[in-house]
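Data first, discussion second: the structure below is written as structure tokens.
Letters A, B, ... are given to chains in the order of the sequence lines, protein chains preceding strands, and every chain is numbered from 1.
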2 protein chains.
Amino acid sequence: MSPKTAERPALSRNVVADRALELADSEGIEAVTVRRLAAELGVTPMALYWHFRTKEDLLAGLADRVLDDAEIPDPTGEWQADIRAALLALIAAMRPHPQVAPLVAQRILHHPNGRALTERALRTLSDAGFDKEPAAHLAMQALRAAISAVTADQVDDSGMPAEEREAHLRQKQAMIGALSPQQYPALVAHAAAMTYCPDPDEFFQLAVDLYVAGVRGLAPSR
Amino acid sequence: MSPKTAERPALSRNVVADRALELADSEGIEAVTVRRLAAELGVTPMALYWHFRTKEDLLAGLADRVLDDAEIPDPTGEWQADIRAALLALIAAMRPHPQVAPLVAQRILHHPNGRALTERALRTLSDAGFDKEPAAHLAMQALRAAISAVTADQVDDSGMPAEEREAHLRQKQAMIGALSPQQYPALVAHAAAMTYCPDPDEFFQLAVDLYVAGVRGLAPSR
DNA sequence: ACCTGAACACCGTTCAAGT
DNA sequence: ACCTGAACACCGTTCAAGT
């Protein structure tokens with residue numbers, strides 16, 4: 001309750017990582033600098049180096065924080081349902097933090113939740129009849145599919161102010177609209193759908209459906 | 001033939017971008033800095049600003065250079081073959097430059113080859129019976145699938161010296177090997193396949209097969 | 001154990017100036 | 001048209017020092 005504590009609420013790995021996460025969400029991942037973050041926390045840049053070996057370590061901490069929120073679904077025994085549930089769990093965890101999602105790839109096997117989801121995916125793909133190598137590759141593909149879906153949502157729009165985001169959108173639509181309909185008939189016809197996503201949930205469903213349908217199509221057993 | 005020309009071979013957008021591309025391939029995208037690149041070209045950092053408005057513009061130039069190499073395949077009329085060919089063309093162009101591949105996403109509609117491939121994908125997906133919105137989303141998914149496949153190949157290994165790359169690999173294998181086989185039986189069993197890819201071509205084939213199988217599984221007509 | 005202060009080698013970029 | 005030079009506001013990080 002002391003004023004000092006109120007302004008500077010006891011640094012720790014998680015406190016720092018959480019503040020960095022907020023910063024990444026609101027202003028983009030490139031706004032997360034050691035010096036900016038330290039200022040945000042009312043502390044010297046060097047203070048952060050007590051809790052993180054390096055900036056790379058700090059960013060890894062952000063990814064870990066995202067994986068902390070991943071809930072491991074119960075297995076049903078039905079492999080299609082299980083792989084779908086694993087993918088959705090990963091997407092749900094990363095969706096609030098699209099700017100950090102790309103960093104999750106490198107941390108997946110270093111985090112208990114990441115390992116649990118990977119274990120689940122591998123087991124499920126084995127059950128589906130895949131050999132070790134395709135199973136491993138398809139499991140990693142699932143992770144990357146989740147990441148690219150999450151980061152594609154706003155594409156490059158996340159982490160920039162709302163007005164700038166809109167200007168960016170309109171510019172993109174104008175650019176497609178200016179294309180020659182003779183040369184790019186399909187592109188012009190799909191201009192709206194290419195630039196604006198009315199329902200993100202539907203978008204993620206499609207991404208998951210695509211992956212599951214692909215795995216089903218490649219599954220050897222059956 | 002003058003010695004001056006030999007050392008400083010006439011700057012231009014393409015000359016600068018190509019040197020930057022080499023730098024990204026050999027030392028990683030983060031080695032591409034304005035100052036480093038200028039030094040590499042035997043020129044003042046500010047010289048680059050004559051040819052590029054900003055560093056962002058320079059990086060866009062790299063992505064454009066990658067797309068320059070994309071060959072647009074002839075349509076066959078068979079939509080599965082066509083979508084496969086488009087994906088393979090994109091992968092073939094990006095494979096030599098995994099460090100630059102992520103930048104291609106934002107340039108795809110600004111480059112003639114990117115537009116041609118997108119047009120082809122949209123047309124093909126329309127032929128397959130998809131509505132505008134799913135067709136648009138699936139086309140972008142193809143692009144992202146290509147990018148994540150290309151960048152996954154070496155994962156984080158590309159752009160670092162060969163010895164460090166090997167050390168990194170061995171460390172990763174050891175880390176999985178150290179896991180409890182009771183807790184992570186599938187993970188331990190798949191350790192080799194998760195960390196080492198004996199045949200990249202096979203890997204890319206699987207990625208393409210997965211996408212095509214997924215689209216086939218979701219196609220409404222049929 | 002936890003944080004500060006000064007210093008170092010880097011960044012991207014502006015602006016005025018040279019040829 | 002094309003490039004240089006000096007300057008500015010930023011980076012990440014080391015190292016010694018404080019409490």
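- Atom-to-atom, CG of B/L41 to P of D/dT4 comes out at 11 Å; the value is rounded to the nearest Å.
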Begin from the C-alpha positions of B/F52 and B/V34 and carry the test side-chain contact (heavy atoms from CB on, under 4.5 Å) through to its verdict.
CA-CA 10 Å; B/F52 298 92; B/V34 174; over 6 Å; no
Each nucleotide in nucleotides 14-19 of chain C should get exactly one letter: B, S or -. Can you fill that in based on protein heavy atoms under 4.0 Å?
B-----
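- For the pair A/R84/A/Y211, no side-chain contact is recorded, criterion being any heavy-atom separation below 4.5 Å from C-beta on.
- In this structure, B/R13 atom CZ and D/dC2 atom C1' are separated by 15 Å, rounded to whole Å.
- Side-chain contact between B/D69 and B/N113 is absent, with no heavy-atom pair separated by less than 4.5 Å.
- By the salt bridge (charged side-chain N to carboxylate O under 4.0 Å, His left out) test, A/D57 pairs with A/R13, sequence neighbours left out.
- Candidate nucleotides D/dT13, C/dT4, D/dA1 were compared by shortest atom distance to the side chain of A/T44, and C/dT4 ranks first.
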Show me the dot-bracket string of DNA chain D, counting Watson-Crick or G-U pairs under 3.5 Å, with | for pairs to another strand and [ ] for crossing ones.
||.|||||...|||||.||
From CA spacing to verdict: side-chain contact (heavy atoms from CB on, under 4.5 Å), B/V15, B/R19
CA-CA 6 Å; B/V15 166; B/R19 191 73 198 80; 5.7 Å; no
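- Residue B/T33 places its side chain closer to C/dG12 than to any other of D/dT13, C/dG12, D/dC3.
- Contact annotation: B/H51 reaches the phosphate of D/dC3 (side-chain N/O to OP1 or OP2, under 4.0 Å).
- In this structure, B/D57 places its CG atom 10 Å from P of C/dT13, rounding to the nearest Å.
- Taking 4.0 angstrom as the limit, A/T54 places a side-chain polar atom (N or O) nearer than this to OP1 or OP2 of D/dT13.
- DNA chain C is contacted by both B/R35 and A/W50; A/W50 maps to the nucleotide lying nearer its 5′ end (nearest heavy atom per residue).
- A search for ring-ring contact (aromatic ring centres under 6.0 Å, His included) contacts involving B/H137 returns A/F203, not counting sequence neighbours.
- Every residue meeting the salt bridge (charged side-chain N to carboxylate O under 4.0 Å, His left out) condition with A/D201, not counting sequence neighbours, appears here in chain and number order: A/R95.
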Between side-chain atoms of residues 180-189 of chain B and protein atoms elsewhere (two or more places apart, or another chain), which donor-acceptor pairs fall under 3.5 Å?
from	atom 1	to	atom 2	distance (Å)
B/S180	OG	B/Q182	N	3.3
B/S180	OG	B/Q183	N	3.0
B/Y184	OH	A/R115	NE	3.2

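- Of all heavy-atom pairs spanning A/V66 and A/H97, the tightest one is CG2-CD2, 3.9 Å.
- What separates CD of A/E56 from C1' of D/dT13 is a distance of 14 Å, to the nearest Å.
- Between A/L37 atom CG and D/dT13 atom P the separation is 13 Å, expressed in whole Å.
- Here C/dC2 presents its P atom at 14 Å from CG of A/L48, a figure rounded to the nearest Å.
- Counting to the nearest Å, the C1' atom of D/dC11 and the NZ atom of B/K55 are 12 Å from each other.
- With rounding to whole Å, B/F52 atom CZ is found 13 Å from D/dC2 atom P.
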